Amino acid sequence: MSTATSAPSPAGPQGPGSSPRLRPVTVPPPLPPLSPRVGLRATARHSFAIARRNLLQVRNDPGQLLDSTLMPMIFTLIFLYVFGGAIWGGREGDYKQFLLPGIMVQTIMFASRATGFTLSMDFGSGVMDRFRALPIARSAVLSGRIIADVCRLLLGQVVMLTFALVIGFSVKTGVLQAIAAVGVVLLYGTALAWVSAFIGLMVKSPNTVQAVGFLWMIPLQFGSSMLVPTETMTPWLRAFAEANPTTLVTDACRNLLIGGPVAGPLAGSLAWCLGLMLIAVPLSIRQYRRR
Amino acid sequence: MTMGIQVERLEKHYGDHKAVNGVDLEVPVGTVLGLLGPNGAGKTTTVRMLATLIPPSGGRARVCGYDVATQPQQVRQLIGLTGQYAAVDQDISGRDNLYLIARLLDLPKKRAWARVDELLERFDLVEAGGKLAREYSGGMRRRLDLAASLIGNPRVIYLDEPTTGLDPRSRNALWDVVRDLVAEGSTVLLTTQYMEEAEALADSVVVMDQGMVIAKGTAAELRARVGGQTLRVKPMRPQDLMAVATTLARARLAGHVDHEAGLVQLPISGPNDLTIAVRAIAGSGLAVSGIDTSIPSLDEVFLTLTQKQRGGVEDTIQFWRIE
């Protein structure tokens, strides 16, 4: 810091009624005209600057990625080798081929919870005050978060698909279909990340955000075709499972990878994802503005 | 005089509670205003309104002529904010923290890095620049926070209790930075609980308590409101304390005996009081180990103004002039 050359402290003999200190006043240059709004291009730039910051956080603490990489691998092994025999029974085909697309969806669902948690953490620190006192669009903080999280989700998918191939999963279609399969799962993850953002902005403490984010996903995960075929479920549950976006996304992903009808589940998945975002995006932005 | 900050009847209500209740402030460009008050006085709430973080419930506040309520985007282009709790991202490095803010302030990449290096240099953080902010000491974190708030060369800087919890060396270094900023023409609003800090930095002082302004003026003016000089006489032997008091009372002076401090204090109200007192003590032949005059410290002024005088009083004995 600069060396101390400042005025002597006036703590001493400055008696009552003495005049205020005199010092040369530097007159700042006249103010340029200030814009009342932030442009779209500037907002995009700001979003990427914040996304970079969020990704740096992950790079500095890669342990954050464990829940979207190592955990699904362990799940795969448990389901494949512990429950697999019981689940699959004497069915045709290979449970591995059925299960792994489901695990890809599960991976993205778990990973999407981090959006709300990290937003909640940001609000708990002083960083958010700094952002809000800057001349940037408020939405930039949210979109920066989502951009970084989509990168994180994509990384999880790449890791999972590689792991699947290593343990003997085989893609029965083609490269384009495989990319589309990852794409539809990623879209679902993005929609869920927005829901997670909304939860993160609604609930006050990061720990509660974690718990709520976990709870609402349980029926979505287990009441679906993610881990088991829906045919064996009781009728009411089966009805729920077949309308469940997780089922639609899993079926779309699965059929894109191992063959089967794609159009129906894909259309359903897209409708759900867009619908979820149509609701969660404006709600999150509104909630962000309120806080 | 052009105003950097102009606040009229500013209010903030939380339900029935008026955290800020009709505050008026004026800070001319290129000056420092010290906003003093105890915890809960409404200082931070005032700063948060001026920084566009929370909307005012009533009244009006302008920064360089821009209204914080209706023109927040313009205000944000003018201000730098350093909070009570350093607003740095703990999970990225000091450099990355500064670079993030530089990019959010629309500096092109190259210039952003150049500005980051310049500020790391200025705040003595070059070596620590690459370390995660969570590994910084409290003083380093405050410096990083202040550096972050200066990236955009703000016209108006809010320092919300910037030295709370800092050691004296870090505090002095921070004071020097504030003086440099003002010399460069910045307008500074400084909140603090320490009179010493306000006195060292502020051109004028506003004292707040319970959401209201209870006094304003220069540090010297505030002192004058509470009283002038005090004469303190400390006898060599503590048992002479009452004898000193009696001597002074006979000389028609009034004051009080502070047993705990082992001295007699009397306010100097007339032009001859000092001479009379010294002559009386000299004539009495009592041995004195110390005799001096003091101006009431700003902390005393502050305590008097906020009517929260604590302790000490019951240990003192008043004595009155013997006519």
Side-chain angles (χ1 to χ4, degrees), chain A residues 1-7 9-21 23-29 31-38 42 45-46 48-50 52-61 64 121-122 125-137 140-141 144, chain B residues 29-31 48 51-53 64 66 71 73-74 76-79 81 83 85-93 96 100-101 103-106 122-124 132 143 145 148-149 155 172-177 179-180 182-186 196 199-200 203-204 218-221 223-224 228-229 295:
Chain A
M1 220 169 281
S2 64
T3 44
T5 52
S6 40
S9 167
Q14 200 175 32
S18 70
S19 61
R21 250 165 295 156
R23 63 169 141 62
V25 172
T26 311
V27 180
L31 272 180
L34 302 178
S35 163
R37 296 184 45 194
V38 191
R45 250 194 340 265
H46 300 155
F48 281 104
I50 290 172
R52 177 183 180 275
R53 167 249 181 183
N54 295 335
L55 289 172
L56 282 174
Q57 284 186 334
V58 177
R59 195 193 68 185
N60 294 333
D61 180 20
Q64 292 177 21
M121 292 288 280
D122 276 348
S125 72
V127 177
M128 212 50 107
D129 278 352
R130 163 134 291 145
F131 287 156
R132 299 175 88 158
L134 285 171
I136 60 174
V141 178
Chain B
V29 166
T31 68
R48 289 178 68 82
T52 74
L53 293 174
C64 298
Y66 290 99
Q71 299 169 304
Q73 201 55 41
Q74 287 95 322
R76 289 177 192 137
Q77 293 169 60
L78 296 164
I79 60 170
L81 169 67
Y85 305 101
V88 298
D89 187 337
Q90 311 259 16
D91 301 317
I92 61 177
S93 72
D96 286 327
L100 168 65
I101 306 298
R103 291 292 290 157
L104 292 177
L105 288 168
D106 291 326
R122 177 170 181 184
F123 286 89
D124 197 18
L132 295 190
R143 259 144 54 203
D145 190 51
S149 60
R155 296 293 178 106
N172 287 337
L174 208 133
W175 284 3
D176 285 337
V177 173
R179 291 185 182 115
D180 289 346
V182 177
E184 288 158 20
S186 300
E196 192 194 352
E199 187 164 35
D203 298 282
S204 58
T218 63
E221 283 163 4
R223 272 211 231 95
Q229 293 189 81
I295 296 163

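Letters A, B, ... are given to chains in the order of the sequence lines, protein chains preceding strands, and every chain is numbered from 1. This is a predicted model, so every value here is computed, not measured.
Shown here for A:P36 and B:Q74, the closest heavy-atom pair between the two residues is CB-NE2, 3.3 Å. Nearest approach of B:L53 to A:A133, heavy atoms of both residues: CD2-N, 4.0 Å. Residues A:G126 and B:A87 approach most closely at O-CB, 3.2 Å, considering heavy atoms.
Neither the backbone nor the side chain of A:F48 has a heavy atom closer than 4.5 Å to any heavy atom of chain B. Both the backbone and the side chain of B:L81 come within contact range of chain A, each with at least one heavy atom under 4.5 Å from a heavy atom of that chain. Heavy atoms closer than 4.5 Å to chain A are found nowhere in B:S204, neither backbone nor side chain. Interface remark: A:D129 contributes backbone and side-chain atoms alike to the contact with chain B (heavy atom separation under 4.5 Å).
A salt bridge does not link B:D89 with A:R130: none of the charged nitrogens is closer than 4.0 Å to a carboxylate oxygen.
Between atom CZ of residue A:R53 and atom CD1 of residue B:I92 there is a gap of 6.5 Å, rounded to the nearest 0.5 Å. Annotation: the span from B:D96 atom CG to A:Q57 atom CD amounts to 10.5 Å, rounded to 0.5 Å.
A heavy-atom distance below 4.5 Å is found between the side chains of B:L104 and A:H46. For the pair B:Q73/A:R37, no side-chain contact is recorded, criterion being any heavy-atom separation below 4.5 Å from C-beta on.
A donor-acceptor distance shorter than 3.5 angstrom exists from the side chain of A:N60 to the backbone of B:D91, with no hydrogens or angles considered.
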